Amino acid sequence: MKDVKLVLQDGTTFYGKSFGYEADVEGEVVFNTAMMGYPESLTDPSYAGQIMVLTYPLVGNYGVPPFTFGGKVLASHSAPTALPDFMESDRIYATAMVVADYSEHYAHWNAVESLGQWLQREHVPGITGIDTRALTKVLREQGVMMGQLVFGQACHAAHEDYGAVNWVERVSCRDVVHYNEGAGKKVVLVDCGVKSNIVRCLLNRGVEVIRVPWNYDYTSMEFDGLFLSNGPGDPDRCIEAVEVLKRQMSLSRKPICGICMGNQLLAKAAGANIYKLKYGHRSHNQPVREVGTNRCYVTSQNHGYAVDAATLPADWRELFVNMNDGSNEGIRHQTNPWFSAQFHPEAAAGPVDTEFMFNRFIETL
């Protein structure tokens, strides 16, 4: 294991050992407090451009499952309608991974390789031996910031600000993809960096899914409902997606549902503002209350921006709120079947307490 250091934007430096691919990288340093689910998290496109710090100390002990599609190992991950069985996309999207104690030896019935082997194969750096508790305290007190993993002596100057990049454009599909053609109701899925389990949850409910790029003009298409996916980065960079959504909302009352980035895009199309959270919500245990009820759910989350609920127009209301910091966790229109969640009802990884959100959407079609 080679020596490697993590240098934060404010100059704070942590020293560790490499267990992944050996290359200098930079990205926004964020922390995730989940106790498990690193295969799903690493392949979540919402982590694009970010160095993921796991606060749970022991990582890698259950290895990595096979990258199979429908039980088969495909020659290419680019088969348009194939969904991976155990991952959330076709590759690792996180820029790098930081853990306290990496377990080289793994034991799990479904594992085929170690976490380190997977990272090396996909050219993603990993660093262990870091005091992730101290690192997390820095990020909580100072806020998330850019950082670099450096293998040599010289630390190159950061040249890419995370918030200045349209990450959605980098991770969205390039072509229209059809799933379950001819199967009942048609749902247009706007791919801002969609997790595979969102597609699975829709397909499991017997609908046809038409997956389109983030800025695709779907307003003239024939469909029964619109679904806005999760995705990475600043929603204010997704002007084209918001403009298309505004046109759709002015033309039709067709049902609309959004998740994570989808919640923010729906809010922006409605006229609300977005702001960046100090250190975001990335975990499997975020408590969320449904507004107007005493129902509180444990949710899986991965986002660094939030809707400013105070800027919602009069015909919109909050649907969910975060019980930790009071931030918005979903919105709904007063009369039209338009609603969204900031959390991840599809989980993968995390609790499935809120998968009913998909049922609510299907019922409106």
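The analysis underlying the following values was restricted to heavy atoms, covering all of them including side chains, and did not include hydrogens, waters or symmetry mates. This structure is a prediction, so every number in the text was calculated from the model and none was measured. In what follows, residues are counted from 1 in the order of the sequence shown.
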For the pair [X] (side chain) and [Y] (backbone), establish whether a donor and an acceptor sit closer than 3.5 Å, ignoring hydrogens and angles.
| X | Y | answer |
| --- | --- | --- |
| Lys276 | Ala306 | no |
| Ser252 | Gln248 | no |
| Arg174 | Ser172 | yes |
| Glu122 | Ile92 | yes |
| Gln120 | Gln117 | no |
| Thr132 | Val99 | no |

Item to check | Verdict with reasoning, Glu290 to Tyr297, per side chain to side chain contact (heavy atoms under 4.5 Å, CB included) | outcome: CA-CA 8 Å; Glu290 187 170 4; Tyr297 303 98; 3.6 Å; yes
Just verifying a value: how many Å separate [X] [atom1] and [Y] [atom2], rounded to the nearest 0.5 Å?
| X | Y | atom1 | atom2 | answer |
| --- | --- | --- | --- | --- |
| Arg332 | Ile256 | CZ | CD1 | 15.5 Å |
| Ser300 | Asn197 | OG | CG | 10.5 Å |
| Tyr102 | Ile127 | OH | CD1 | 14.5 Å |
| Phe320 | Cys296 | CZ | SG | 10.5 Å |
| Thr43 | Tyr38 | OG1 | OH | 12.0 Å |
| Phe19 | Ser103 | CZ | OG | 10.5 Å |

Checklist entry - Of the options His284, Glu329, Gln286, which is the one that meets Gln301 in a side-chain hydrogen bond (donor to acceptor under 3.5 Å, both in side chains)? => result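 Going through His284, Glu329, Gln286 one by one, the side-chain hydrogen bond (donor to acceptor under 3.5 Å, both in side chains) with Gln301 is satisfied by Glu329 alone.
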Checklist entry - Tyr179 pairs by side-chain hydrogen bond (donor to acceptor under 3.5 Å, both in side chains) with which of Arg200, Glu208, Arg211? => result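 Of the listed options, the one satisfying the test is Arg211.
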Within-4.5 Å side-chain heavy-atom neighbours: [X] and [Y]:
| X | Y | answer |
| --- | --- | --- |
| Ile259 | Pro345 | yes |
| Leu42 | Arg91 | no |
| Thr81 | Val177 | yes |
| Asp217 | Arg247 | yes |
| Leu319 | Ile331 | no |
| Glu355 | Glu346 | no |
| Phe339 | Cys257 | yes |
| Arg253 | Pro337 | yes |

Report whether [X] and [Y] are members of the same hydrophobic cluster (ILVMFWY, side-chain heavy atoms less than 4.5 Å apart, transitive linking).
| X | Y | answer |
| --- | --- | --- |
| Phe14 | Val25 | yes |
| Leu226 | Met221 | yes |
| Val59 | Leu119 | yes |
| Val171 | Leu228 | no |
| Met36 | Trp118 | yes |

Least distance between heavy atoms, [X] atom then [Y] atom:
| X | Y | answer |
| --- | --- | --- |
| Thr128 | Ala100 | OG1-O, 3.3 Å |
| Lys195 | Asp44 | CG-OD1, 3.5 Å |
| Leu265 | Cys238 | CD2-CB, 3.9 Å |
| Leu312 | Ala272 | CD2-CB, 3.8 Å |
| Ala269 | Met249 | CB-SD, 3.7 Å |
| Thr33 | Ser283 | OG1-CB, 2.9 Å |

Do other residues, nucleotides or ligands put more than 12 heavy atoms under 6.0 Å from [X] [atom1]?
| X | atom1 | value |
| --- | --- | --- |
| Glu222 | CD | no |
| Leu58 | CG | yes |
| Met35 | CE | no |

Checklist entry - Does the ring center of Phe86 lie less than 6.0 Å from the ring center of Phe69? => result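 Centroid separation for Phe86 and Phe69: 6.0 Å or greater.
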Next on the checklist: Ring centres under 6.0 Å, that's the criterion: do Tyr275 and Tyr305 meet it?
Outcome noted: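 No.
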Are side-chain N/O atoms of [X] and [Y] paired as donor and acceptor at under 3.5 Å?
| X | Y | answer |
| --- | --- | --- |
| His344 | Asn230 | no |
| His281 | Asp325 | yes |
| Gln342 | Asn263 | yes |

Checklist entry - Parallel, tilted or perpendicular: which fits the ring planes of Phe223 and Tyr218, with parallel below 30° and perpendicular above 60°? => result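 Plane angle over 60°, so perpendicular.
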Item to check | Geometric class of the Phe227/Phe358 ring pair [parallel <30°, tilted 30-60°, perpendicular >60°] | outcome: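 Answer is parallel, since the angle falls under 30°.
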Next on the checklist: The test is side-chain hydrogen bond (donor to acceptor under 3.5 Å, both in side chains); show your working for Asn32 and Tyr47 and say whether it passes.
Outcome noted: CA-CA 11 Å; Asn32 184 323; Tyr47 275 111; 2.8 Å; yes
Next on the checklist: Show, in sequence, the C-alpha distance, side-chain angles and deciding distance for Val209 and Asn180, and conclude whether the side chain to side chain contact (heavy atoms under 4.5 Å, CB included) test is met.
Outcome noted: CA-CA 7 Å; Val209 175; Asn180 219 10; over 6 Å; no
Next on the checklist: Between Lys254 and Asp224 (salt bridge meaning N to carboxylate O under 4.0 Å), is one present in this structure?
Outcome noted: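 Salt bridge flag = no for Asp224 with Lys254.
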Next on the checklist: Please determine whether a side-chain nitrogen of the Lys or Arg among Glu243 and Lys246 lies less than 4.0 Å from a carboxylate oxygen of the Asp or Glu.
Outcome noted: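 Here Glu243 pairs with Lys246 in a salt bridge, since their nearest N and O are under 4.0 Å apart.
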Item to check | Intermediate values then yes/no, side-chain hydrogen bond (donor to acceptor under 3.5 Å, both in side chains), Asp85 and Thr68 | outcome: CA-CA 6 Å; Asp85 296 323; Thr68 54; 2.7 Å; yes
